[in-house]
Amino acid sequence: MAIPYNYKEIEKRWRKNWEQNPINVDDGKKPKYYCLDMFPYPSGSGLHVGHWRGYVISDAWSRYKILNGYYIIHPMGWDAFGLPAENYAIKMGVHPSVSTAENVANIKEQIKEIAAIYDWDMEVNTTDPDFYKWTQWIFVKMFKAGLAYEKEMPINWCPSCKTGLANEEVVNGSCERCGETVTKKNLKQWMLRITKYADRLLDDLDKLDWPEKVKKMQAEWIGRSYGAEIDFAIKDSDKAIKVYTTRPDTLYGATFMVLAPEHVLAKEITTDEQRNAVEEYINKASTKSTVDRLQDKEKTGVFTGSYAINPLNNELIPIWISDYVLVDYGTGAIMCVPAHDDRDFAFATKFEIPIVQVISKDGKENPELTEAYTEPGIMINSGEWNGMDSEQAKAEVPDMLEKQGIGQKTINYKLRDWVFSRQRYWGEPIPIVHCDHCGPVPVPEEELPLLLPEVEKYQPTGTGESPLADIHDWVNTTCPQCGAPAKRETNTMPQWAGSSWYFLRYVDSKNDKELISKEKAEKYLPVDMYIGGVEHAVLHLLYSRFYTKFLNDIGVVDFDEPFLKLFNQGMIGKDGAKMSKSKGNVVSPDELVRDYGCDALRLYELFVGPPELDSEWDDRGIDGVYRFINRFYNLVMENKDKLTQETAETIKLRNKLVYDITTRLNAFSLNTVVSGFMEYNNKMLDIVKKEGGIDKETLETAIILLSPFAPHIGEELWHVMGNETSVFENTWPTYDEDKMKDDEIEIAIQINGKTKGTIMISAESSKEEAISLAKEAMADKLTGNIIKEIYVPRKIVNVVMK
RNA sequence: GCGGAUAUGGCGGAACUGGCAGACGCGCUAGACUUAGGAUCUAGUGGGAGACCGUGCAGGUUCGAUUCCUGUUAUCCGCACCA
């Protein structure tokens, strides 16, 4: 008769016990392992089973590391500043600090149901003044290092969120948060000079054990390119135009030039005949939204009437204006080689501009060029470069131009400086005072934190001013430097400010003297394993790397990469869609925990599919792991008092079990870890049925192996077996390959590569023995001439007949 | 357009360096125990009556291909006029 597995009572009991007797203790001798979850933004809608999955993966991994003798740093905190929290508060009509606190409390309760080994003493909250004191402190340090600066420029502006956005927050021309089309707005902004770190951010990717996809996305976002800047004189003018090109080898083929509509010389070089057309075009371009500009693949443009002089052959080339050239990349002007660039080809074809081929596959001109030739080849029509290999020319030309004084080698990046100001209330105040005499002056470090003032109206103003600008007795202050009346900066920081460094603070969260002590930074950091969704591939992960490198530069930490290993778990969807409140397909873990228990849900979260891939949630699937748990529980309960001696068979089974679970776990194949437990449970049941019982060692091994995944059952059954200490005080079991070997093995027999049957042979059988046994077994089918016999040891015999 | 991932029964998914495709689970079918079962247990479950056929599609390499190569299609994700 089955003994009901009372998960409610068992889970409650062990939860309490672990609170009193923690299983993850820093004794100062164990090596550390820092396993970090991406901390959540405390939304009002709570957790769904997709969030759970990431936390279960990291917890199972952490507990596995505990069993391998590590002290685990496994903290949790709250990314509670930012737009979503503020928008939610506005919608609900409560102050963001109130709703945020409520949401944190709710989600914390939900997270506790996972029974993860989070160390709540380390908990941080980005909205806590003791925390954001250091967020502000980092900003002051950056300001002093010249990395934070003010600039008035047209920035991305979300009309719905009523704030400026970083480039990274604009997705396909829309706001990353709300989807509203982003416009441009001219605003004075605080910027962070992340571009100064571009090379290090790019080159150090090689050091990281991260998914290639994420590294590639960051590399492309940084977008380093090597090329040259070349000066073109303008005919009948003392002005010159500098262009940037990655293909200086094609300079002889430049037949026109294009300026961005916003280029400073665009109007200046326009001739009187062309003035009306040019001004009309520039005006039109300025009103075009980013989206339109990106979507219009059809080239438009207007001729300025002026000509530039090709510095190599003194040929005149017309200067055009077109919005396919971006003002903020390179020099905002390009030389165009239609024969060897798709975009230039399209433009030249449309406006009937001559096309000159300078690279050819075979050294001859292509009489019917229908598209740009962008491959390498042999230089033609290029004066002294004729006959050169184009790749060689590409490498050598920049030096030659430099020697001739008409250009210089240049490196360009797509990465832009980080727009850091937000015109919203719910964020860290930027700790700067604007003084008429001294300019921007940082708030003295000893006066931090600069508290976010209470305010009646925290709705965004939409004017480009933060709601803080209305609080006059806060805004009006004195200059920390000269004492004269001065005004505070009223913009706040973006949500990314706190999340860029929070992982440092966990291990020293109560330190009021330093961001983190040197000793603790050295002892507990960096993060060994970082687990979370792929949606932060460029945003949070790039910013965190930048912050870490800066903090390394100023001596706060002794490492320059925060996250050594990164794992992106797949998303969980339902009904073919991403889980979201608006789609109404959210599955809450709460009911599942109630109806099946924490361990069952933990196992099912892992079993649902490969952790790195997206998975479809099926509520019925959890029944399978629930049945497994009950069967395993009963296996132990029914056999604990009639344990048998181990046999050759159980020794083999046990070693194979350890081998399979360990290798699958190390490969992060967590779904097959769970299926492995089910498989071996069935095998153990078979042994019990056959032998009338099973040995202690095998049962206990299975219990230890299972405990990282289903900790309550692991702990319960470990004690049921008569043990007094925690199951997590064990060492992860090892296996002996010699003991996994079978004496008799089953091999397949193929005829002409097609499987016809199987036979059992001794594992020691020679090739000749195996083949002759196989032929004997297949005698009736071996009617033709045997031309080849293949034996793959322990696997297969293949007889090839004609 | 460029780059990446994925494609296997009714469903989720297994298959280590090429070697018995479909482990494990869901669902389904039949049976047992039951007043009852949406509980539990037992057996079965890719297709086909069969020889055989089957891993998106078309080729190739090989004694042998889900696995390697070439081409192609679909879905998802990222980037997208960066010169």
Side-chain angles (χ1 to χ4, degrees), chain A residues 1-2 4 171-173 211-214 216-217 220-221 223-225 227 243-247 250 258 260 293-299 322-326 328-337 340-344 346-347 412-416 534-535 537-538 570-571 573 576 578 603-604 607-610 612-625 627-628 630-631 634 659-660 663-664 667 669 671-682 746-758 787-801:
Chain A
M1 208 50 223
V171 179
N172 290 329
E212 286 307 314
K213 177 188 161 129
V214 175
K216 198 161 189 173
M217 281 170 72
E220 278 172 9
W221 189 262
R224 181 166 62 195
S225 71
V243 304
Y244 172 69
T245 179
T246 54
R247 296 297 303 277
T250 62
V258 174
R293 191 159 162 172
L294 287 174
Q295 270 169 358
D296 281 350
K297 293 281 177 184
E298 181 72 20
K299 298 273 180 292
S322 172
D323 65 3
Y324 83 91
V325 174
L326 309 173
D328 55 356
Y329 181 77
T331 61
I334 60 170
M335 67 174 213
C336 299
V337 186
H340 306 293
D341 181 279
D342 292 323
R343 296 149 302 186
D344 299 345
F347 194 89
N412 255 308
Y413 303 88
K414 292 188 198 173
L415 183 72
R416 307 294 148 84
V534 76
E535 66 272 17
V538 277
M571 258 179 350
K578 179 181 170 179
L603 288 180
Y604 186 55
F607 187 62
V608 70
E612 71 279 9
L613 297 182
D614 292 350
S615 298
E616 175 77 9
W617 187 264
D618 180 357
D619 279 328
R620 290 178 302 190
I622 196 172
D623 287 321
V625 291
R627 282 177 198 137
F628 155 70
N630 273 281
R631 280 196 281 257
N634 274 278
Y659 172 83
D660 274 341
T663 50
R664 291 175 190 188
S669 178
N671 52 325
T672 60
V673 165
V674 178
S675 68
F677 281 121
M678 294 171 168
E679 217 175 319
Y680 279 95
N681 189 51
N682 292 340
E746 192 185 42
I747 60 163
I749 308 167
Q750 296 184 334
I751 297 175
N752 292 340
K754 292 205 169 115
T755 305
K756 298 294 176 184
T758 61
I787 55 173
K788 202 170 184 182
E789 290 162 341
I790 293 149
Y791 175 57
V792 181
R794 307 166 69 85
K795 292 268 162 92
I796 210 160
V797 169
N798 187 10
V799 182
V800 185
M801 277 191 320

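The chains referred to below are lettered A, B, ... by the order of the sequence lines, with proteins before strands, and numbering in each begins at 1.
The shortest distance between the side-chain N/O atoms of A:Lys216 and the OP1/OP2 oxygens of B:G3 is not below 4.0 Å. Regarding contacts with the backbone of B:A83, a side-chain N or O of A:Tyr329 is found under 4.0 angstrom from either OP1 or OP2.
Going from the P atom of B:C53 to that of B:G64 covers 14 Å, rounded to whole Å. Annotation: B:G56 and B:C52 have their C1' atoms spaced 23 Å apart (nearest Å). The same atom, C1', is picked in B:A15 and in B:G9; the two are 15 Å apart, to the nearest Å. Spacing of C1' atoms, B:G60 relative to B:G12, comes out at 33 Å, to the nearest Å. Taking the P atoms as reference points, B:G19 lies 11 Å from B:C68, given to the whole Å. Remark: the separation of the C1' atoms in B:A51 and B:A7 is 31 Å, to the nearest Å. Comparing B:A65 with B:C76, their C1' atoms sit 27 Å apart, to the nearest whole Å. The C1' atoms of B:C24 and B:G47 are separated by 22 Å, rounded to the nearest whole Å.
Rounded to whole Å, the distance from CG on A:Asp323 to P on B:A83 is 17 Å. To the nearest angstrom, C1' of B:G10 lies 15 Å from CD of A:Glu616. Atoms CD (A:Glu220) and C1' (B:G1) sit 14 Å apart, rounded to a whole Å. Atom C1' of nucleotide B:U40 and atom CG of A:Asn630 are separated by 10 Å, given to the nearest angstrom. Atom-to-atom, CG of A:Asn752 to C1' of B:C52 comes out at 15 Å; the value is rounded to the nearest Å. Going from atom NZ of A:Lys578 over to atom C1' of B:C76 covers 13 Å, rounded to whole Å. The NZ atom of A:Lys213 sits 11 Å away from the P atom of B:U6 (whole-angstrom rounding). A:Trp221 has its CH2 atom 16 Å from the C1' atom of B:C2, to the nearest Å.
Not counting sequence neighbours, A:Thr246 has no partner by the side chain to side chain donor-acceptor pair (under 3.5 Å) test. A:Asn630 is linked by a side chain to side chain donor-acceptor pair (under 3.5 Å) to nothing, counting only residues two or more places apart in sequence or in another chain. Listed by chain and number, the residues in a ring pair (Phe, Tyr, Trp, His ring centres under 6.0 Å) with A:Phe607 amount to none (sequence neighbours excluded). Shown here are the side chain to side chain donor-acceptor pair (under 3.5 Å) partners of A:Tyr604, two or more places apart in sequence or in another chain: there are none. Annotation: ring pair (Phe, Tyr, Trp, His ring centres under 6.0 Å) contacts of A:Phe347 (sequence neighbours excluded): A:Phe256, A:Trp320, A:Tyr324, A:Phe351. Partners of A:Asp341 according to the salt bridge (Lys or Arg N to Asp or Glu O under 4.0 Å) rule, which considers only residues two or more places apart in sequence or in another chain, are A:Arg343. By the side chain to side chain donor-acceptor pair (under 3.5 Å) test, A:Glu746 is found to be paired with A:Thr758, residues two or more places apart in sequence or in another chain being considered.
Annotation: side chain of A:Asp344 is not in contact with side chain of A:Met335 (no heavy-atom distance under 4.5 Å). Side chains of A:Val674 and A:Phe628 form no contact here, defined as non-hydrogen atoms less than 4.5 Å apart. Between A:Val337 and A:Arg247 the shortest side-chain heavy-atom distance does not fall below 4.5 Å. Using a 4.5 Å heavy-atom cutoff, the side chains of A:Val800 and A:Asn752 are in contact.
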key: Where protein sits on nucleotides 18-28 of chain B, one letter per nucleotide: B base, S sugar-phosphate only, - none, heavy atoms under 4.0 Å   = -BBS-BBSSS-
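Mapping A:Lys754 and A:Ser615 onto RNA chain B by nearest heavy atom places A:Ser615 closer to the 5' end of the strand.
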note = Intra- and inter-strand pairing of RNA chain B, written as dot-bracket with Watson-Crick and G-U pairs under 3.5 Å and | for the latter, reads (((((((..(((......[....)))((((((.......))))))((....))..(((((..]....))))))))))))....
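Within 4.0 Å (heavy atoms only), A:Ser225 reaches sugar-phosphate atoms of the nucleic acid but no base atom.
Taking the O4'-C1'-N9-C4 or O4'-C1'-N1-C2 dihedral as appropriate, B:G9 has a value within 90° of 0 and is therefore syn.
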